[in-house]
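In what follows, a single structure is set out as structure tokens and then discussed.
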Amino acid sequence: KHALAKAKREDSLLSVLFIDLDNFKRVNDIMGHQIGDTMLRSISQRLNSVLRMSDTLGRLGGDEFIVIMENVESRAGIAAVGDKLLRCISSPLMISNMEVIPSCSIGISICPHDSTDHDELVQMADTAMYAAKNNGRNNYAFYHPDMTQRTAHYLTRERELHHALEQNEFVLHYQPQYSLSKGEITGVEALLRWQHPDKGMLSPIEIIPVAETSSLIIDIGNWVLTEACRQLC
């Protein structure tokens, strides 16, 4: 709030950067929480090393950080900082004789272009961060109003996928695998389809990208394996 009041008084730009470490849960699950905590401290030091004295760095919890950049001159200047943050985080990290290569996704909102409200700016940066993750991770994205609509679509689709699992709406199609040398079918590839109650048959493009952002991808994968084996029997 203090930074926003200052930006308004000086008629300057302010930017909020929402930073989320990619696949951090895997580090905790595989290497343990002590390694995860050490990694978070190292990431904090790296972030601080490329930020200006006038910038504010905070940790929201878990693997989420936020940066408040005051007296920003232009969108290009913010993008340059985003590039710096990505580079500084992604260099290899040695923890307890183990090499970890971290990466992050960054969402960016700008005051007054996007909003002048502190809660909205954080929410918009958070939304942009998810857009960065959906674009392949290890990159940044500026907030755009269309992102809010897409995020709402993802949340709706995720809820529908949970329901689809419970109601057994998924089906498997099989594509033959043919051996040219033997001149015969040697197996089949199981392909996932979704018999949506309203939209009809949907392809994996409507399933996998949403499922991969949550544990749904594991549940759906287990269903595919179980159902394929059941049908084979």
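Side chains are part of it too, since the values below use all heavy atoms of this structure and drop only hydrogens, waters and symmetry mates.
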Do [X] and [Y] touch side chain to side chain, with heavy atoms closer than 4.5 Å?
| X | Y | result |
| --- | --- | --- |
| Pro176 | Glu189 | no |
| Leu40 | Arg59 | yes |
| His162 | Leu216 | yes |
| Val50 | Val81 | no |
| Lys8 | Leu4 | no |
| Asn222 | Ile220 | no |
| Phe170 | Ile207 | yes |
| Leu165 | Trp223 | yes |

Mark yes or no for whether [X], through its side chain, and [Y], through its backbone, hold a donor-acceptor pair below 3.5 Å.
| X | Y | value |
| --- | --- | --- |
| Ser90 | Leu86 | yes |
| Ser179 | Glu184 | no |
| Asn23 | Arg26 | no |

If you count the non-hydrogen atoms of other residues, nucleotides and ligands that lie under 6.0 Å from [atom1] in [X], is the total more than 12?
| X | atom1 | result |
| --- | --- | --- |
| Leu191 | CG | yes |
| Gln231 | CD | yes |
| Tyr130 | OH | no |
| Asp146 | CG | yes |

Establish, for the pair Arg75 and Phe142, whether the NZ or CZ atom is under 6.0 angstrom from the six-membered ring centre and no further than 45 degrees off its axis.
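Yes, Arg75 sits over the ring of Phe142.
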Residue pairs passing the ring pair (Phe, Tyr, Trp, His ring centres under 6.0 Å) test where at least one lies in residues 40-64, sequence neighbours excluded
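Checked against ring pair (Phe, Tyr, Trp, His ring centres under 6.0 Å) - neighbours excluded - no pair reaches residues 40-64.
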Is it possible for you to say whether [X] and [Y] belong to one hydrophobic cluster, with membership spreading through side-chain heavy-atom contacts below 4.5 Å?
| X | Y | result |
| --- | --- | --- |
| Val210 | Leu192 | yes |
| Val224 | Ile208 | yes |
| Leu161 | Met201 | no |
| Leu17 | Leu60 | no |
| Phe18 | Leu47 | no |

Check step by step if side chain to side chain contact (heavy atoms under 4.5 Å, CB included) holds for Phe65 and Ile43.
CA-CA 10 Å; Phe65 296 86; Ile43 293 294; 4.1 Å; yes
Begin from the C-alpha positions of Asp20 and Lys133 and carry the test side chain to side chain contact (heavy atoms under 4.5 Å, CB included) through to its verdict.
CA-CA 9 Å; Asp20 184 88; Lys133 278 193 184 296; 2.8 Å; yes
Heavy-atom pair of closest approach, residues [X] and [Y]:
| X | Y | answer |
| --- | --- | --- |
| Pro112 | Leu13 | CD-CD2, 3.7 Å |
| Ala141 | Met147 | CB-CE, 4.1 Å |
| Pro197 | Glu169 | CD-OE1, 3.5 Å |
| Leu21 | Met39 | CD1-CE, 4.4 Å |
| His196 | Lys199 | ND1-N, 3.1 Å |
| Trp194 | Ala164 | NE1-CB, 3.4 Å |

Going by atom type alone, with no hydrogens or angles, which donor-acceptor pairs under 3.5 Å involve a side-chain atom of residues 99-106 and a protein atom two or more places apart or on another chain?
residue : atom : partner : partner atom : Å
Ser103  : OG   : Asp22   : OD2          : 2.9
Ser105  : OG   : Asp22   : OD1          : 2.8

Find the distance between [atom1] ([X]) and [atom2] ([Y]) and round it off to the nearest 0.5 Å.
| X | Y | atom1 | atom2 | result |
| --- | --- | --- | --- | --- |
| Met69 | Ser54 | CE | OG | 8.0 Å |
| Asp198 | Glu160 | CG | CD | 7.5 Å |
| Asp55 | Ser15 | CG | OG | 9.5 Å |
| Leu14 | Ile78 | CG | CD1 | 8.5 Å |
| Met53 | Thr56 | CE | OG1 | 10.5 Å |
| Leu85 | Arg46 | CG | CZ | 12.0 Å |

Evaluation steps, salt bridge (Lys or Arg N to Asp or Glu O under 4.0 Å), between Glu206 and Arg157
CA-CA 8 Å; Glu206 296 287 343; Arg157 188 47 48 89; 2.4 Å; yes
Should Thr127 and Gln123 be marked as a side chain to side chain contact (heavy atoms under 4.5 Å, CB included) after you check the CA-CA gap, both sets of side-chain angles, and the distance that decides it?
CA-CA 6 Å; Thr127 299; Gln123 183 60 52; 3.7 Å; yes
Decide side chain to side chain contact (heavy atoms under 4.5 Å, CB included) for Arg193 and Leu202; before the verdict, give the C-alpha distance in whole Å, the side-chain angles of both, and the deciding distance to 0.1 Å.
CA-CA 6 Å; Arg193 297 291 184 267; Leu202 300 180; over 6 Å; no
Salt bridge (charged side-chain N to carboxylate O under 4.0 Å, His left out) against Glu10, all qualifying residues, sequence neighbours excluded
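With neighbours one apart ignored, the set is Lys6.
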